[in-house]
Amino acid sequence: MNSRNILVAVLSVVVVAGAIFLFRSLSEPSAADVDAMLAGSMCKAKAECPRMIDHITRMDSITSSRPRDYSYYYTIVGLPRDSINAGEFGRVMTRSLRDMARNSSNSRVFEKYKITIHHFYRYDDGQMLFEYTITPDMYK
């Protein structure tokens, strides 16, 4: 192999390695990017609260007690308390929230950056109905 072929081979490796590095840096957000994205999303969502999620669920507020740890507060409205089967509600919501965490387009980022999300559901009278926490290991 002559020196020209060696130079071409080395340049090819450098170009491919550079392209891989560039692709990874563009496709993988930094921790600061993730924190900024989450802060922006949280501000927007907080400004929209309270808001109806569906015909019986109102998102009342969103808080963050520390970075990458978020709490969402909901109220079930318009249903008499005795018409809600708390056990069944909990089972359905556990499956739904767990599936949502695993299937979200953001699940890989949430797992990597150790984002925890708490969901609190209350009856219309303020009493706790159900709570569920999604931890980073649940995004797998």
Side-chain angles (χ1 to χ4, degrees):
M1 188 182 272
N2 67 30
S3 61
R4 180 173 161 74
N5 290 343
I6 293 172
L7 180 61
V8 169
V10 169
L11 285 175
S12 296
V13 169
V14 169
V15 167
V16 169
I20 290 170
F21 174 78
L22 181 62
F23 175 76
R24 290 196 72 194
S25 66
L26 292 176
S27 63
E28 292 266 339
S30 69
D33 292 339
V34 169
D35 289 341
M37 175 195 71
L38 291 170
S41 295
M42 188 170 170
C43 283
K44 181 180 179 199
K46 282 174 99 171
E48 296 173 353
C49 289
R51 73 178 179 118
M52 294 302 292
I53 303 298
D54 57 34
H55 67 285
I56 62 166
T57 311
R58 182 182 67 221
M59 184 188 305
D60 298 314
S61 65
I62 304 169
T63 64
S64 178
S65 57
R66 60 186 183 269
R68 301 183 192 161
D69 192 299
Y70 300 93
S71 296
Y72 290 75
Y73 297 90
Y74 306 91
T75 300
I76 302 301
V77 296
L79 291 177
R81 187 176 176 155
D82 60 355
S83 71
I84 300 171
N85 179 327
E88 182 62 19
F89 182 87
R91 282 187 291 281
V92 168
M93 291 307 297
T94 295
R95 277 192 307 269
S96 177
L97 292 168
R98 187 176 44 230
D99 289 347
M100 186 173 54
R102 288 181 181 152
N103 299 320
S104 166
S105 60
N106 294 321
S107 64
R108 197 171 120 281
V109 172
F110 283 19
E111 177 188 1
K112 179 177 180 175
Y113 293 99
K114 301 189 180 343
I115 296 166
T116 299
I117 301 175
H118 310 276
H119 296 272
F120 299 95
Y121 288 82
R122 298 187 184 281
Y123 294 102
D124 242 347
D125 65 6
Q127 295 287 41
M128 184 62 67
L129 168 61
F130 170 75
E131 62 183 86
Y132 188 73
T133 298
I134 301 171
T135 59
D137 62 312
M138 297 170 81
Y139 294 109
K140 299 175 185 178

Q | ILVMFWY cluster, Met59 and Val92 together (side-chain gap under 4.5 Å) | A | no

Q.
Show me the pairs that pass side-chain hydrogen bond (donor to acceptor under 3.5 Å, both in side chains) and involve residues 125-136, at least two apart or across chains.
A. Arg81-Asp125, His118-Thr133, Thr135-Asp137

Q.
The criterion is side chain to side chain donor-acceptor pair (under 3.5 Å); which residues satisfy it with Asn103, sequence neighbours excluded?
A. none

Q.
On a heavy-atom basis, which atom in Ile62 and which in Met42 lie closest, and how many Å separate them?
A. O-CE, 3.8 Å

Q.
salt bridge (Lys or Arg N to Asp or Glu O under 4.0 Å), that's the test. Do Glu88 and Arg91 meet it? Break it down for me.
A. CA-CA 5 Å; Glu88 182 62 19; Arg91 282 187 291 281; 3.2 Å; yes

Q: Nearest 0.5 Å please: distance from the CZ atom of Phe89 over to the OH atom of Tyr123.
A: 9.0 Å

Q. Does the Thr94 side chain pair with the main chain of Gly90, one donor and one acceptor, at a distance under 3.5 Å?
A. yes

(Q) In the structure I gave you, are the side-chain heavy atoms of Tyr139 and Ile117 within less than 4.5 Å of one another anywhere? (A) yes

Q | Asp69 versus Ser64, closest heavy-atom pair with distance | A | O-OG, 3.0 Å

Q: Calculate, to the nearest 0.5 Å, the distance between atoms CG and CE belonging to Asp99 and Met138 respectively.
A: 10.5 Å

Q) How far apart are the C-alpha atoms of Ile76 and Asp124, what are their side-chain angles, what is the distance that settles it, and do they pass the side-chain contact (heavy atoms from CB on, under 4.5 Å) test? A) CA-CA 6 Å; Ile76 302 301; Asp124 242 347; over 6 Å; no

**Q.** Euclidean distance, Ile134 CD1 relative to Glu111 CD, rounded to 0.5 Å
**A.** 13.0 Å

Q.
What's the separation between atom CE in Met93 and atom CG in Leu129, rounded to the nearest 0.5 Å?
A. 9.5 Å

Q.
Between Thr57 (side chain only) and Asp54 (backbone N and O only), is there a donor and an acceptor less than 3.5 Å apart?
A. no

Q.
Measuring from atom CZ of Arg58 to atom CE of Met52, what distance do you get when rounded to the nearest 0.5 angstrom?
A. 7.0 Å

Q: Measure across Arg102 and Ser107 and return the closest heavy-atom pair with its distance rounded to 0.1 Å.
A: O-OG, 3.6 Å

Q. With sequence neighbours left out, which residue pairs that include part of residues 47-87 fulfil the ring pair (Phe, Tyr, Trp, His ring centres under 6.0 Å) condition?
A. Tyr72-His119, Tyr73-Phe120, Tyr74-His119, Tyr74-Tyr121

Q: Walk me through it: do Thr116 and Arg68 pass the test side-chain contact (heavy atoms from CB on, under 4.5 Å)?
A: CA-CA 6 Å; Thr116 299; Arg68 301 183 192 161; over 6 Å; no

